[in-house]
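These notes concern the structure reproduced below.
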Protein chains: 4
Amino acid sequence: MPKVGMKEVRQQQVIEATMRCIVKKGLSQMSMKDIAVEAGVSTGIIYHYFKNKEDLLLQVLKESFRKSHERVMDTVEPLRQSREKLLKHLENINAVPKENPDFYIVLLNYLGQAPHNPEIHKIVTKFLSNLTSYANRYLSTDLTGGTFADVRLWHLPTILLALGMGLGIMWTLDRNSFSIEEMDVSLKDLISRYID
Amino acid sequence: MPKVGMKEVRQQQVIEATMRCIVKKGLSQMSMKDIAVEAGVSTGIIYHYFKNKEDLLLQVLKESFRKSHERVMDTVEPLRQSREKLLKHLENINAVPKENPDFYIVLLNYLGQAPHNPEIHKIVTKFLSNLTSYANRYLSTDLTGGTFADVRLWHLPTILLALGMGLGIMWTLDRNSFSIEEMDVSLKDLISRYID
Amino acid sequence: MPKVGMKEVRQQQVIEATMRCIVKKGLSQMSMKDIAVEAGVSTGIIYHYFKNKEDLLLQVLKESFRKSHERVMDTVEPLRQSREKLLKHLENINAVPKENPDFYIVLLNYLGQAPHNPEIHKIVTKFLSNLTSYANRYLSTDLTGGTFADVRLWHLPTILLALGMGLGIMWTLDRNSFSIEEMDVSLKDLISRYID
Amino acid sequence: MPKVGMKEVRQQQVIEATMRCIVKKGLSQMSMKDIAVEAGVSTGIIYHYFKNKEDLLLQVLKESFRKSHERVMDTVEPLRQSREKLLKHLENINAVPKENPDFYIVLLNYLGQAPHNPEIHKIVTKFLSNLTSYANRYLSTDLTGGTFADVRLWHLPTILLALGMGLGIMWTLDRNSFSIEEMDVSLKDLISRYID
DNA sequence: GATGAATGAGTTTTCATTCAT
DNA sequence: GATGAATGAAAACTCATTCAT
C-alpha cells in the first residue's frame with residue numbers, strides 16, 4: 001500500500017462514504033461513526049484529513065456540486081448552437097433526478113441547512129448563481145441577434161433553474177408525481193412558445 | 001394564570017415557538033430546551049401536550065401547511081373566472097416568500113428530512129399533491145371549453161408548483177437572485193403564451 | 001356521593017390499583033400516573049391520602065401482608081388438632097401461588113427492595129417472623145407432649161416457611177416447574193416422616 | 001494506561017462495579033452515573049461496551065449465575081458418591097448466603113424484575129431448572145439402584161432448591177432468623193429420613 | 001499514518017411532587 | 001375534596017473530538 005499520495009485517495013474515500021450516509025440516513029442523523037464504518041476506516045483518521053465534521057460536510061457539498069457542474073458541462077458545452085444547448089439543457093434538467101437521484105437527496109439535505117449555516121449558504125447560492133450565469137451566457141451571446149426581445153430572456157435562466165430544481169425536488173420526493181418523459185415534451189413546448 | 005382549559009392555547013404556543021426556533025436555529029440544531037425557553041414554559045410541559053419531539057415536529061409541519069393552504073384559499077378561491085384565478089395564483093406564488101419568508105425556511109428544513117422520515121415524507125407529498133390537484137381542478141373545469149388543447153394543461157399545475165417552489169427557494173436563499181415584481185411580469189408572460 | 005367517610009374508601013381504591021400496577025408493570029416501572037389512571041382518580045388526590053410514593057408503597061405492602069395473614073388464619077385457625085393444622089398449613093403453602101398468584105408477584109417486587117429500604121425490610125422480616133412464630137406456637141403447644149424430640153421441632157417452622165416461599169417463587173416464575181398437587185403429596189410425606 | 005485490548009478487562013470492571021452498586025443501592029435505584037463512578041470510568045465508555053442499561057443488567061445477571069454455578073460445581077462435582085454429593089449440596093445451600101451474601105442480594109433484585117422482563121425471566125428460570133436438573137441427575141443415576149422408591153426422589157431436587165432459596169432469602173433478610181450451623185444439622189436430618 | 005478507547009458535555013425524556021383553580 | 005397543568009431535577013443515552021498506543 002502506498003503511503004504517499006494517499007491523502008487525496010483517503011479524502012475521496014471519506015467524502016463518498018459521507019454522501020452515501022447522507023442518502024441513507026440524512027445529514028443530521030448521521031454520525032462520524034457511521035461515516036467511518038461506511039468508509040471502512042477508523043473515526044480517528046477522518047480527523048487527520050478533515051478539520052472537523054463541519055469541514056467534512058463542506059467538502060462533501062463542494063464535491064457534490066463540482067460533479068454536478070461537470071455533468072452539465074460535459075453534456076451541454078460541446079453543442080454549437082445555443083438553441084441546441086437550450087433544448088439539451090431542458091432535457092438535462094429532467095434527466096438529473098432520474099440518472100443521479102442521490103444528487104437531489106444530498107441537495108435537499110444541504111438546502112435545509114443553508115439558511116442557518118453561512119458557509120453552506122455561500123456555497124449553495126454560488127452554485128445556483130453559477131448555473132444561472134451559465135445559461136444566461138449562452139442565451140445572451142448566441143440569441144441576442146435573434147428575433148425576440150432581450151427583456152424576456154432576462155429571467156429565462158432563473159426560470160429554467162427554478163423549474164429544474166422544483167421538478168427535481170418533486171420527482172425525488174415522489175416518482176409518481178409526473179412522468180419525466182412527458183414532462184420533457186411539455187417543457188420544450190412551454191419554453192419554445194416563450195422564446196419564439 | 002389560569003390552570004385549566006389551557007390545552008389548545010399551550011399547544012399553539014409551543015407550536016409557534018417551535019416554528020420560530022426552526023427559523024432561528026434550524027430543525028436539527030434546535031433542542032427541546034430551546035423550544036421551551038422560546039415558548040416560556042418548562043421542558044416538561046411540552047411532553048404533556050406532545051408525545052415526543054418527533055410528534056411535535058409533525059404537528060408543526062401540519063400547522064405550517066394548514067396555514068399556507070388557508071392563505072392560498074383565502075386569496076384565490078373567491079375569484080370567479082379561472083383565468084383570474086390562474087393569474088392570482090401566479091402572483092401568489094411570487095408573493096409567498098416575500099410576505100411569509102418563514103414558511104420557506106420551515107419548508108426547506110422539512111424537505112431535507114422528508115427522504116429519511118416516512119411521516120414527514122407523507123405529509124409533504126400530500127401537501128404538494130393537494131396544491132397540484134387544486135390548480136388542476138380550476139384549470140380543467142373552467143378552461144376545458146376554451147381554445148387550447150387539454151394535453152398542454154395536463155402538466156400545467158405541476159409546472160406552476162415546481163416554478164413556485166423553485167423560485168421561492170431561490171429567493172429565500174438569496175433575495176437578490178431576482179426581483180419578485182419583475183419575475184411576476186415574466187411569469188404571466190410565460191404562462192399566458194403557453195395557454196393561449 | 002358521600003363526602004364523609006370517603007377516606008378509607010379512596011385509600012383502599014388507590015392501594016388496590018397500586019397492587020394491580022405492580023403486578024402489571026412492576027414496582028419500579030410503575031409511575032404515580034399509572035396508579036392514578038388505574039384507580040380512576042387524579043394524581044393530585046393520591047397525595048391527599050398518602051404522604052408520598054414511599055408511603056403509599058408501604059401501605060400497599062402492609063395491606064398485602066394483612067390480607068395474606070388473614071387468609072392463613074381463616075384456613076388454619078379453626079382447626080383443633082395441631083396435626084390437622086400442620087397438614088392444612090402444608091396444603092396452604094402450596095395453594096397460595098395458585099389461588100392468589102398476585103401475592104407472590106407483589107412479594108417478589110418488595111423482596112427486591114427490602115435490602116435497600118429499611119422500612120420495607122422491617123415490614124417484610126416482621127411478616128416472616130410472624131408466620132414462623134405462628135407455626136411455632138401451634139407446633140410447640142400441641143405437639144410437645146408427643147413422641148418426638150423438641151429439638152427437631154425447633155427448626156420446623158422456619159423450614160416450612162422457607163419451603164413455602166421457595167416453592168411459591170419457583171411456581172410463580174414457572175408454572176411448569178412442578179405440579180402443585182403432586183408436590184402436596186411429597187411435602188406431606190417429607191414432613192410426616194420427619195415428625196413421626 | 002494501555003488503550004488497546006481493554007475490552008474484556010473493561011467489561012468485567014463495569015460488570016463488577018454494577019454488582020456492587022446493586023448491593024449498595026438496589027437495581028432500580030442505581031443510575032448509570034453511579035455505575036460509572038463505582039467503576040472509575042466515564043458514562044460514555046459503558047455504552048461503548050454494552051448496548052444499553054438493559055443489556056448491561058443482563059450481562060451482570062448471567063455473570064452472577066455463571067459464578068454461582070461454578071462454585072456449586074467446584075464443591076460438589078469432585079465427590080464420588082451421590083450420597084456424599086447430596087450432603088455436600090445441603091451444606092452448600094446453607095453456606096452460600098454466609099460465604100457469598102451479595103449473591104442473594106443480587107438475586108433478590110432480579111427476582112423482583114423477572115415477572116415483568118422476559119429476558120430476565122428466561123435467564124432466571126433457566127438457572128433454576130439447571131440447578132434442579134443437576135441435582136436430579138446425580139440423584140437418579142446413582143441412587144436408583146438403592147432401597148427407596150423412585151417416586152419420592154422425583155420431587156427431591158425441586159424441594160432442595162426451594163428450601164435453599166427460601167432459607168437463603170430469609171437469612172439474607174435477617175441473619176438472626178436462624179443459625180446456619182444448626183439448620184445444617186436439621187436439614188441433613190430432614191432429608192436423610194426422607195430418602196432412607 | 002492509523003486505530004478505537006475514552007471523555008464529558010449536551011440531548012431527549014420521565015416523573016414525583018406541587019398548586020392554582 | 002378533586003383536578004390535571006406545571007415544574008425541574010435527574011435519568012438514559014449520544015456523539016464530536018481527542019489521544020495513547
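Residue numbers start from 1 in every chain, and the chains themselves are labelled A, B, ... in the order their sequence lines are given, proteins ahead of strands. All values derive from a computational prediction rather than experimental measurement.
When all heavy atoms of C:M32 and C:I46 are compared, the pair lying nearest together is CE-CG2, 3.7 Å.
The side chain of B:Y47 places no N or O atom within less than 4.0 Å of a non-bridging phosphate oxygen (OP1 or OP2) of E:dT14. A sub-4.0 Å separation between OP1 or OP2 of E:dA6 and a side-chain N or O of D:H48 is absent.
Remark on DNA chain E: of its neighbouring residues D:V41 and C:S28, the 5'-side contact belongs to D:V41, judged by nearest-heavy-atom nucleotide. Taking the nucleotide of DNA chain E with the nearest heavy atom to each of C:E54 and D:I46, the more 5' of the two is matched to D:I46.
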If a pair means Watson-Crick or G-U wobble with both distances below 3.5 Å, what does DNA chain F look like in dot-bracket form, with | marking bases paired to a different strand?
.||||||||||||||||||||
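With rounding to the nearest 0.5 Å, the separation of NZ in A:K62 from CG in A:L57 is 12.0 Å. Note: A:L128 CG to A:L111 CG = 7.5 Å, rounded to the nearest 0.5 Å.
Within the structure, the ring-ring contact (aromatic ring centres under 6.0 Å, His included) test picks out the following pairs touching residues 25-66 of chain D (sequence neighbours left out): D:F65-D:F127.
Residues satisfying the salt bridge (Lys or Arg N to Asp or Glu O under 4.0 Å) criterion with D:K25, sequence neighbours excluded, are D:D34. Under the side-chain hydrogen bond (donor to acceptor under 3.5 Å, both in side chains) criterion, D:N52 pairs with no residue at all, not counting sequence neighbours. Listed by chain and residue number, D:E38 satisfy the salt bridge (Lys or Arg N to Asp or Glu O under 4.0 Å) test with D:R20 (two or more places apart in sequence, or in another chain).
For the pair A:K7 NZ and E:dA2 C1', the computed distance is 16 Å after rounding to whole Å. E:dA16 atom P lies 16 Å from atom NZ of C:K51, rounded to whole Å. Straight-line distance from the CZ atom of D:R10 to the P atom of F:dA20: 14 Å, rounded to whole Å. Computed from coordinates, the C:I35 CD1 to E:dT17 C1' distance equals 13 Å when rounded to whole Å.
For the side-chain hydrogen bond (donor to acceptor under 3.5 Å, both in side chains) test with D:Q12, the passing option among D:R10, D:E16, D:E8 is D:E16; the others fail.
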Candidate pair C:I35 and C:L56, rule side chain to side chain contact (heavy atoms under 4.5 Å, CB included), full reasoning:
CA-CA 11 Å; C:I35 296 171; C:L56 169 58; 3.9 Å; yes
Listed pairs, N/O of protein and of nucleotides 8-11 of chain F, under 3.5 Å:
none

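Within the 4.0 angstrom heavy-atom criterion, no nucleotide atom of any strand lies near B:F50.
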